[in-house]
Amino acid sequence: MKKLLFLAINVSFSTLAFSQQKFELKPSSTIPPFTYNQIGLASGFSNGNSGTSDLFAKTGKKDFSVPNNYMGSQESADGDAYFGIITYKNDRQIDWQNIGNGGLTQGKESELKYAEYIQASLGQGLVAGKEYNVTVKVSLADNSAYATKGMGVYFSGEETKNGTANRLKVTPQISFSEVIKDKSGWTELKGKFKATGSEKFAVIGAFDEGFSAEAVGDGKGLGAGRAYYYVSAITVTEAPKPDRDKDGIPDESDKCPDVAGIEKFIGCPDSDNDGIVDSEDTCPTVAGTKAMNGCPDSDGDGIADNQDKCPNVAGLPANAGCPEVKISTKAKEVFQKAMAGIQFETGKDVIKKTSYPVLDNVVSVLKENPDWNVEIQGHTDNAGKYEANKSLSQKRAAAVEKYLTDKGVNGDKLTPVGYGPDKPIADNKTTAGKAKNRRVEFNVTYEQ
């Protein structure tokens, strides 16, 4: 049964909506290559003219193996196989008419134009208007006496069929200007071009345009008058479009081209991964819910944490998310007496000793309720300058705070605030009204 050698042609697409075409044309062998011109047995590959391109593989027979073969020794760059092509041929021939004058001449003109090509099918072809990056890996064979320039890749809509083995005179879309002399390793050639949409075949080799040959010495065997190149993987990949924020979404489709985002939001970020795009997320750095406009509601009371003064304890909207504070009748009476019972020396923040019993009752209540947060509110009447009254009320509230903390009340739960004459509870036009307005109040909250 006749065995066949197949080469891999892989076309891959990414799973993203913004996918990129990619063709990987590289040889792989399932049976040992055993003679010249094996490219004719490779599925999807053919000669680009009437030349005879070779195949080499790790399982190859004798002169067609990897790394050692009839043209030298070279490890594979990708997989376990590679191609071999002649890009220049200048074989010496016996000149029987002038045998007495040396007997050897340069190769015939037809041989000087000889070249081989690898032609590969691109399946469904390239897409019009899109740019493609092309990469070819080549290595000059050890036994080559010449190196050449003019290597390139020609894309066409139809299979290239040239009746001769001469160098192709077509203009390749990708041209590599350098003379490739490296025999020790693989030279990676890269180029870019914009497709017309008709490209279905790729031809790789040295083209007539810009061609030249250069002697490099060390020619041996069949390479004594030739330039022979190994050709490994040929990759054709759709060039990525501009993507300033490097998030994989082209700028032309990215709603947030200057900040990395995700495909779900067409390039815009969701920093806290809560499914709400940052631009619509009131709390973009903390995962939340849509109901809370992207903010969390840790205690589930329907008030977002960023507006909840008690985010870890369910509360009421009226109390800014804190639970209602239950104040006993005893505590209410103590606070009520304190309003009139805390007295200061006139125009000063010095507490009169007669007020100590009243304050001591406040101390007892606060120690019995250590979770309470208490705002100590200082108030004055409207006599005198406003700023002076404001300052005095603050100092008097602070004096009460000091008295309470000196008696063992947790100062972290106390906040002194001076309101001056801003919150009167009686008429400042009367002496009795002014006396009522000069007071200290205790406002209890559950704020955490």
Side-chain angles (χ1 to χ4, degrees), residues 6-13 20-27 37-55 78 82-89 110 113-138 148-178 180 188-212 227 229-239:
F6 292 93
L7 302 184
I9 303 180
N10 298 319
V11 181
S12 61
F13 298 88
Q20 290 181 314
Q21 248 183 338
K22 183 175 183 179
F23 300 84
E24 289 185 312
L25 315 172
K26 62 181 180 180
N37 197 23
Q38 291 276 292
I39 195 171
L41 301 176
S43 177
F45 289 85
S46 63
N47 286 298
N49 60 4
S50 61
T52 58
S53 302
D54 301 326
L55 293 172
D78 300 276
Y82 46 75
F83 301 101
I85 59 172
I86 296 171
T87 60
Y88 176 69
K89 186 177 181 182
S110 61
K113 295 180 179 180
Y114 181 87
E116 297 173 349
Y117 298 88
I118 301 162
Q119 181 165 233
S121 171
L122 297 176
Q124 82 274 29
L126 307 184
V127 179
K130 290 190 175 182
E131 286 194 327
Y132 290 85
N133 291 321
V134 180
T135 302
V136 181
K137 292 181 181 180
V138 299
T148 60
K149 76 172 182 177
M151 192 76 76
V153 184
Y154 172 66
F155 293 91
S156 64
E158 297 181 354
E159 190 172 9
T160 300
K161 295 180 179 179
N162 192 319
T164 73
N166 292 344
R167 279 192 302 276
L168 297 178
K169 293 184 178 295
V170 297
T171 301
Q173 289 87 343
I174 304 291
S175 296
F176 307 108
S177 60
E178 62 264 44
I180 303 161
E188 190 172 69
L189 306 174
K190 294 184 177 182
K192 179 184 289 188
F193 82 106
K194 182 178 288 188
T196 63
S198 62
E199 300 86 352
K200 293 186 177 180
F201 293 88
V203 178
I204 301 95
F207 294 84
D208 196 59
E209 183 176 309
F211 178 85
S212 67
Y229 286 92
Y230 301 125
V231 181
S232 187
I234 304 101
T235 304
V236 181
T237 307
E238 182 184 337

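Position 1 is the first residue of the sequence, and the numbers go up from there.
- Ala227 and Thr148 make their closest contact through CB-CG2, 3.6 Å (heavy atoms, listed as atom of the first residue, atom of the second, distance).
- Looking at heavy atoms from C-beta onward, Thr171 lies out of side-chain contact with Phe207 at the 4.5 angstrom threshold.
- For the pair Lys22 and Thr235, the minimum side-chain heavy-atom distance is below 4.5 Å.
- Ring pair Phe155/Phe193 is parallel by interplanar angle, where below 30° counts as parallel and above 60° as perpendicular.
- Side-chain contact between Asn166 and Tyr114: absent, with no pair of heavy atoms (C-beta onward) separated by less than 4.5 Å.
- The distance from the NZ atom of Lys137 to the NZ atom of Lys190 is 9.0 Å, given to the nearest 0.5 Å.
- When all heavy atoms of Leu25 and Ala120 are compared, the closest pair comes out as CD1-CB, 3.8 Å.
- The distance from atom CD of Gln124 to atom NZ of Lys200, rounded to the nearest 0.5 Å, is 9.5 Å.
- Checking side-chain atoms of Gln21 against main-chain N and O of Glu238 turns up no donor-acceptor pair under 3.5 Å.
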I would like to know whether Leu126 and Val236 meet side-chain contact (heavy atoms from CB on, under 4.5 Å); could you show each step before the answer? CA-CA 9 Å; Leu126 307 184; Val236 181; 4.3 Å; yes

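- With values rounded to the nearest 0.5 angstrom, Gln119 atom CD is found 9.0 Å from Lys161 atom NZ.
- Atom CD of Glu24 is separated from atom CD1 of Ile234 by 11.0 Å, given to the nearest 0.5 angstrom.
- In this structure, OG1 in Thr160 is found 11.5 Å from CG in Asn47, a value given to the nearest 0.5 Å.
- Residues Ile180 and Leu189 meet the side-chain proximity criterion, which asks for heavy atoms closer than 4.5 Å.
- The neighbour count for Glu158 CD, taken as heavy atoms of other residues, nucleotides or ligands under 6.0 Å away, does not exceed 12.
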Ring pair (Phe, Tyr, Trp, His ring centres under 6.0 Å) between Tyr154 and Tyr117: does it pass, once the steps are laid out? CA-CA 10 Å; Tyr154 172 66; Tyr117 298 88; 9.6 Å; no

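- For Phe23 and Tyr132, the distance between ring centers is not under 6.0 angstrom.
- A donor-acceptor pair under 3.5 Å links the side-chain atoms of Ser50 to the main chain of Ala165, judged by distance alone.
- No donor-acceptor distance shorter than 3.5 angstrom exists from the side chain of Asn49 to the backbone of Arg167, with no hydrogens or angles considered.
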Kindly indicate, with the supporting measurements, whether the criterion side chain to side chain donor-acceptor pair (under 3.5 Å) is fulfilled by Thr196 and Ser198. CA-CA 6 Å; Thr196 63; Ser198 62; 2.9 Å; yes

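- The minimum heavy-atom distance between Ile85 and Gly205, with the atom names listed, is CD1-CA, 4.0 Å.
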Determine, stepwise, if the pair Ser175 / Glu209 fulfils side chain to side chain donor-acceptor pair (under 3.5 Å). CA-CA 9 Å; Ser175 296; Glu209 183 176 309; 5.4 Å; no

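- When all heavy atoms are compared, the tightest approach of Tyr82 to Val231 is CB-O, 3.5 Å.
- Minimum interatomic distance between Val203 and Leu168 (heavy atoms only, all atoms of both residues): CG1-CD1, 4.1 Å.
- Asn37 contributes atom CG, which lies 7.0 Å from atom CG of Asp54 (distance to the nearest 0.5 angstrom).
- Contact check for Met151 versus Val136: no side-chain heavy atoms found under the 4.5 Å cut-off.
- Take Tyr229 and apply the ring-ring contact (aromatic ring centres under 6.0 Å, His included) test, not counting sequence neighbours, and it matches no residue.
- A heavy-atom distance below 4.5 Å is found between the side chains of Glu116 and Thr52.
- Residues passing the salt bridge (charged side-chain N to carboxylate O under 4.0 Å, His left out) test with Lys149: none are found, sequence neighbours excluded.
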